[in-house]
Amino acid sequence: MPDVSAPKLTPLMLNHAAWVTHDVEATADFYTRVMGMELVSTVIDDTVPSTGDDFAYFHIFFKMLDGSTIAFFEAPGLPPRPEVTHPAYEVFDHIALQAKDREEVDRWAAWLRENGVSIVGPTDHNGLIYSIYFRDPNNIRLEITTPLDPDWNNHGDRAQVDLKGWCDTKKEAARSGQNVGAALVDYIRQQRKH
């Protein structure tokens with residue numbers, strides 16, 4: 001039987017996250033001027049190396065202070081992205097960028113407003129993180145956040161318990177013919193009481 005144990009590999013850091021843009025010029029302006037990122041690399045090609053697909057494209061990278069990047073592809077003739085099937089996708093799908101502290105998040109909020117960018121927040125997520133939310137010219141939801149709990153990403157034991165409780169609740173609801181969403185709301189409310 002093959003060894004299915006974890007390979008003991010964990011990525012070092014985020015190299016880049018990439019999306020499609022239909023206006024690379026507006027995207028470059030936003031990420032360099034508004035977000036303060038450096039334009040660090042581009043790739044221009046007529047074939048996608050990983051797939052062999054024939055697309056003329058311009059791939060552009062913007063660097064953050066830790067060296068990680070956000071990237072975009074502009075490919076002429078791409079149709080607009082399809083509409084989302086549920087509003088939750090517009091809320092949950094996002095990328096969070098870390099600021100130094102709470103005061104810096106507030107400075108970001110003021111700066112973005114000065115540049116005509118609508119924001120949501122600031123929001124204190126139950127003492128875990130403090131965030132603002134906004135959209136780039138491609139309608140990608142971005143978050144500027146800072147940890148309020150210095151160990152915010154070191155609660156693995158609690159996360160395992162939460163994951164098991166959530167999954168067990170879903171399975172039991174499905175097994176017993178309950179509405180899964182309603183069962184999860186009850187589970188959340190019970191957890192909140194503790």
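We number each residue from 1, following the sequence as shown.
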Can you tell which of V105, I119, D106 makes a side-chain contact (heavy atoms from CB on, under 4.5 Å) with I144? V105
Does M37 belong to the same Ile/Leu/Val/Met/Phe/Trp/Tyr cluster as L112, with side-chain heavy atoms less than 4.5 Å apart forming each link? yes
Got W19 and I70 here, is their nearest side-chain heavy-atom distance under 4.5 Å? yes
Give me the atom names and distance for the closest heavy-atom approach of A173 to N179. CB-O, 4.4 Å
S118 and F134 have their tightest heavy-atom pair at O-CB, 3.3 Å
Can you find a heavy atom in the side chain of T146 that is under 4.5 Å from one in the side chain of E104? no
Within a radius of less than 6.0 Å around CD1 of I44, do more than 12 heavy atoms belonging to other residues, nucleotides or ligands occur? yes
Count the heavy atoms belonging to other residues, nucleotides or ligands that lie under 6.0 Å from CD of E83, then report whether that count exceeds 12. no
To the nearest 0.5 Å, tell me how far T123 OG1 sits from E143 CD. 8.5 Å
Taking side chain as C-beta onward, heavy atoms only, is N139 less than 4.5 Å from E90? yes
What residues form a salt bridge (charged side-chain N to carboxylate O under 4.0 Å, His left out) with R175, not counting sequence neighbours? E172
List the steps and the verdict of side-chain contact (heavy atoms from CB on, under 4.5 Å) for D149 and H155. CA-CA 10 Å; D149 173 354; H155 297 293; 2.7 Å; yes
Give me the atom names and distance for the closest heavy-atom approach of I140 to F72. CD1-CE2, 3.6 Å
hydrophobic_cluster_shared for V24 and F61, side chain cutoff 4.5 Å: no
To the nearest 0.5 Å, what is the distance between CZ (R158) and CG (L163)? 11.5 Å
Can you check whether R102 reaches D124 side chain to side chain, under 4.5 Å on heavy atoms? yes
What pairs of residues pass the side-chain hydrogen bond (donor to acceptor under 3.5 Å, both in side chains) test when at least one of them lies in residues 26-40, not counting sequence neighbours? T21-T27, T27-N138, D29-R33, Y31-D136, R33-N115
Student check: side-chain heavy atoms of R135 and R141 closer than 4.5 Å: yes
Report the distance from atom OG1 of T145 to atom OH of Y130, rounding to the nearest 0.5 Å. 10.5 Å
Given the rule in the side-chain contact (heavy atoms from CB on, under 4.5 Å) test, do D54 and D46 qualify, once you have shown the distances and angles that lead to the verdict? CA-CA 6 Å; D54 290 325; D46 60 357; over 6 Å; no
Find out if a path of hydrophobic residues (ILVMFWY) with successive side-chain heavy-atom gaps under 4.5 Å connects L39 to I95. yes
OG on S131 to CD on Q98, rounded to 0.5 Å: 10.0 Å
Any pair with a residue in residues 183-194 that passes side-chain hydrogen bond (donor to acceptor under 3.5 Å, both in side chains), sequence neighbours left out, goes on the list, sorted by first then second residue, please. none
Reported CD-to-CD distance for the pair E74 and E25, which is rounded to 0.5 angstrom: 9.5 Å
Quick one, V43 and Y57 - any side-chain contact, counting heavy atoms below 4.5 Å? yes
Does any N or O in the side chain of Q178 come within less than 3.5 Å of the main-chain N or O of A183, such that one atom is a donor and the other an acceptor? no
Close side-chain approach of F55 and D45, heavy atoms under 4.5 Å: no
Exercise: identify the closest heavy-atom pair between M13 and G67: CE-C, 3.8 Å
Is there a side-chain contact between H16 and F62, using heavy atoms and a 4.5 Å cut-off? no
Enclosure of D66 CG (heavy-atom neighbours >12, cutoff 6.0 Å): yes
Nearest heavy-atom neighbours spanning I132 and G121: CG2-C, 4.3 Å
Please state whether the rings of H86 and Y89 are parallel, tilted or perpendicular, taking 30° and 60° as the class boundaries. perpendicular
Do the side chains of V34 and L97 join up, straight or via other hydrophobic residues, at under 4.5 Å, putting them in one cluster? yes
Counting heavy atoms not belonging to D53, are there more than 12 under 6.0 Å from its CG? yes
On a heavy-atom basis, which atom in L14 and which in A17 lie closest, and how many Å separate them? CD1-N, 4.3 Å
May I ask whether F73 and F58 are part of the same hydrophobic cluster, defined by side-chain heavy atoms of I, L, V, M, F, W, Y residues being less than 4.5 angstrom apart, directly or through others? no
